[in-house]
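The next block holds one structure in the form of structure tokens; read it before the comments.
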Amino acid sequence: MLAETAYADPIADMLPDTLFNGQGRVAALAYAAGLRPAREMIPPFEDEAWLEAEFARRGVFSGRD
């Protein structure tokens with residue numbers, strides 16, 4: 001999609017009335033419309049438990065210098 005086409009869409013002019021900006025503009029607009037973040041919207045690498053497991057798997061912070 002060309003940038004001109006995207007910016008011609010009416011959503012480009014919509015400003016969400018919320019401080020929530022957790023997964024970008026579209027999610028902020030959905031939040032302002034009353035929808036709450038679904039777990040499916042959040043990628044696993046933003047989950048603390050997933051990060052801890054991944055760090056352990058890769059040996060990060062394992063005491064190696």
Side-chain angles (χ1 to χ4, degrees):
M1 176 186 300
L2 297 174
E4 294 84 13
T5 303
Y7 285 107
D9 191 294
I11 199 171
D13 292 324
M14 297 176 74
L15 297 174
D17 186 19
T18 180
L19 295 177
F20 175 83
N21 196 21
Q23 298 300 316
R25 183 185 186 99
V26 173
L29 288 167
Y31 188 87
L35 299 172
R36 293 300 169 249
R39 199 65 209 138
E40 297 79 34
M41 289 178 62
I42 302 170
F45 50 81
E46 290 186 12
D47 179 74
E48 186 174 352
W50 184 91
L51 286 169
E52 287 176 359
E54 187 65 12
F55 288 163
R57 184 181 77 78
R58 293 179 180 239
V60 178
F61 307 124
S62 65
R64 295 180 295 179
D65 288 331

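For the single chain, residues carry numbers from 1 onward in sequence order. Fair warning: this is a prediction, and the values are worked out from it, not measured in the lab.
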Completion exercise
To the nearest 0.5 Å, atom CG of Leu19 lies from atom OH of Tyr31 at 9.5 Å
Problem - Connected via hydrophobic side-chain network under 4.5 Å: Leu35 and Val26 - result: no
Practice task
Tell me, yes or no, whether the heavy-atom count around Asp9 atom CG, taken from other residues, nucleotides or ligands under 6.0 Å, exceeds 12.
Solution key: yes
Completion exercise
Sequence neighbours excluded, the answer for side chain to side chain contact (heavy atoms under 4.5 Å, CB included) partners of Ala32 is Pro16, Thr18
Problem - Partner residues of Glu54 under the salt bridge (Lys or Arg N to Asp or Glu O under 4.0 Å) criterion, sequence neighbours left out - result: Arg57, Arg58
Problem - Which residues share a side chain to side chain contact (heavy atoms under 4.5 Å, CB included) with Leu15, sequence neighbours left out - result: Arg25
Exercise for the section: State whether the side chain of Asp47 and the backbone N or O of Trp50 hold a donor-acceptor pair below 3.5 Å, judged by distance alone. Expected result: yes
